[in-house]
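See structure below.
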Amino acid sequence: MKENKCFLSKYQGYRAKRAATKIVQGDETDHYKKLPDYINEIKRSNLGTIVIMKVVDGYCDAVTRQQKFQRLYMCFVGVKQGFLAACRPIFGLDGTFLKGPAGGVLLTAVGVDPNNGFYPIAYAATEGETKDSWMWFLTLLREDLQMERDYEWTIMSDKQKGIIQACEAMFPNCDHRFCVKHLHSNFSVAGFKGTTLRRALWKAAKATTLAKFSTKMRELAEIDIEAAKWLGTKQPIEWTRSHFRTFSKCDMLLNNICESFNSKILHAREEHIVGLMESLRHYVMTRLQQNRDMAKSK
């Protein structure tokens, strides 16, 4: 009985929060109706910016005759030009849940700026994190970044659902690194736990030469031969500096660039679609201007 009351209290609190949000922000349906005008204004005020909206194929409301929203991609022309002009050919990919009334997932591509900070490139609100949604997002991103020679590029990810297959299809010659933090999590789930093994794994990941990597792997095998065999099933080019190609001139082992960006947009992820996109636009523009001002002052 106590658990039921607790659940009822939480449910009532959730309904009250949604009702308050609707009063302040307006009805969810109204926001989707505003999307075409919002997109046109973004394109008018930012010539060259790519904004693509996808609707559900074959769906049309019998009463309103309106189509159903599915995805929205946005890449600002100034952001794209800045990335191509001054940043290294490496970016991270990630998906984070949207907490607004409609739910969904925000797919993001985040680069590394010349000061080793994160540089948001493009993002898309989608219905979920699937191979199809990643393929759609990466197709648009590839066109925006003019990635004709994909062998010159490096991608970092956490092996999210659908992303590996999409990257293999879209960028077959691209280096694809996997976050070592995520690798260690899988390492632990496989049964290889403890501080000693964790440190041995990180020493192998941080090795900068083939000889040093071999040494660190032998040391790990002396601690736990099965752990070394498990790591042996992973391609070294995906997780250790000793095997990274040098073209990207970046030896990062973590996908912190995406995680840092996601931590800055927590409030935006709770908003309706127009509010979400406008909050993201405002944050990206503000960050770029702050970095520009900081560079001028030095």
Under the 3.5 angstrom rule, does the side chain of [X] hit a backbone N or O of [Y] as a donor-acceptor pair?
X: Asp150; Y: Asn173; answer: yes
X: Tyr119; Y: Phe83; answer: yes
X: Arg88; Y: Asp113; answer: yes
X: Ser133; Y: Gly128; answer: yes
X: Asn256; Y: Glu259; answer: no
X: Arg241; Y: Ala207; answer: no
X: Thr126; Y: Val105; answer: yes
X: Thr246; Y: Lys249; answer: no

Beyond-backbone contact of [X] with [Y], side-chain heavy atoms, under 4.5 angstrom:
X: Asp175; Y: Ile90; value: no
X: Thr49; Y: Cys75; value: no
X: Asp293; Y: Gln289; value: yes
X: Trp153; Y: Phe171; value: no
X: Met53; Y: Leu72; value: yes
X: Leu98; Y: Glu270; value: no
X: Trp202; Y: Val180; value: yes
X: Leu231; Y: Leu183; value: yes

Are [Y] and [X] connected in a single hydrophobic cluster, I mean Ile/Leu/Val/Met/Phe/Trp/Tyr linked by side-chain heavy atoms less than 4.5 Å apart?
X: Leu84; Y: Ile257; answer: yes
X: Met252; Y: Phe244; answer: no
X: Phe137; Y: Ile50; answer: yes
X: Phe178; Y: Leu138; answer: yes
X: Phe97; Y: Ile273; answer: yes

Nearest heavy-atom neighbours spanning [X] and [Y]:
X: Gly111; Y: Ile121; value: N-CD1, 3.5 Å
X: Trp134; Y: Gly95; value: CZ2-N, 4.1 Å
X: Ala228; Y: Leu220; value: N-CD2, 3.4 Å
X: Ser157; Y: Ile163; value: CB-CD1, 3.8 Å
X: Lys34; Y: Val274; value: CB-CG2, 4.3 Å
X: Arg281; Y: Ile42; value: CD-CD1, 3.7 Å

For the pair Tyr38 and Val51, evaluate side chain to side chain contact (heavy atoms under 4.5 Å, CB included) and give the outcome as yes or no after the intermediate values.
CA-CA 10 Å; Tyr38 177 73; Val51 187; over 6 Å; no

Would [X] and [Y] count as having a side-chain donor-acceptor pair, cut-off 3.5 Å?
X: Gln165; Y: Lys131; value: no
X: Glu271; Y: Ser279; value: yes
X: Asp94; Y: Asn255; value: no
X: Ser188; Y: Ser185; value: no
X: Thr154; Y: Arg177; value: no

Over 12 foreign heavy atoms within 6.0 Å of CD, Glu41:
yes

Please determine whether the number of non-hydrogen atoms from other residues, nucleotides or ligands lying under 6.0 Å from atom NZ of Lys54 exceeds 12.
yes

Measure up the [X] and [Y] rings against each other and bin them: parallel (under 30°), tilted (30 to 60°), perpendicular (over 60°).
X: Phe69; Y: Tyr32; answer: tilted
X: Phe187; Y: Phe192; answer: tilted
X: Phe213; Y: His243; answer: perpendicular

Contact list for residues 226-240, test side-chain hydrogen bond (donor to acceptor under 3.5 Å, both in side chains), sequence neighbours left out
Thr240-Ser242

Straight-line distance of [X] [atom1] to [Y] [atom2], nearest 0.5 Å:
X: Met156; Y: Cys258; atom1: CE; atom2: SG; answer: 9.5 Å
X: Ser260; Y: Ile265; atom1: OG; atom2: CD1; answer: 11.5 Å
X: Arg269; Y: Leu280; atom1: CZ; atom2: CG; answer: 10.5 Å
X: Leu201; Y: Lys206; atom1: CG; atom2: NZ; answer: 10.5 Å
X: Lys216; Y: Lys203; atom1: NZ; atom2: NZ; answer: 5.0 Å
X: Ile39; Y: Met277; atom1: CD1; atom2: CE; answer: 8.5 Å

Is there a side chain to side chain contact (heavy atoms under 4.5 Å, CB included) between Phe118 and Val112 once you walk through the steps?
CA-CA 5 Å; Phe118 66 87; Val112 185; over 6 Å; no

Might you work through the side chain to side chain contact (heavy atoms under 4.5 Å, CB included) test for Leu253 and Cys179, ending with a clear yes or no?
CA-CA 6 Å; Leu253 297 169; Cys179 179; over 6 Å; no

Quick one: do Arg44 and Asp37 satisfy salt bridge (charged side-chain N to carboxylate O under 4.0 Å, His left out)? Show the steps, please.
CA-CA 10 Å; Arg44 184 198 66 79; Asp37 290 337; over 6 Å; no

Could you give me the CA-CA distance, side-chain angles and deciding distance for Glu127 and Arg71, then say whether salt bridge (charged side-chain N to carboxylate O under 4.0 Å, His left out) is met?
CA-CA 7 Å; Glu127 76 284 6; Arg71 301 168 188 162; 2.9 Å; yes

Report the C-alpha distance between Met285 and Phe76 in whole Å, list the side-chain angles of each, state the deciding distance to 0.1 Å, and finish with yes or no for side chain to side chain contact (heavy atoms under 4.5 Å, CB included).
CA-CA 10 Å; Met285 297 300 108; Phe76 286 93; 4.1 Å; yes

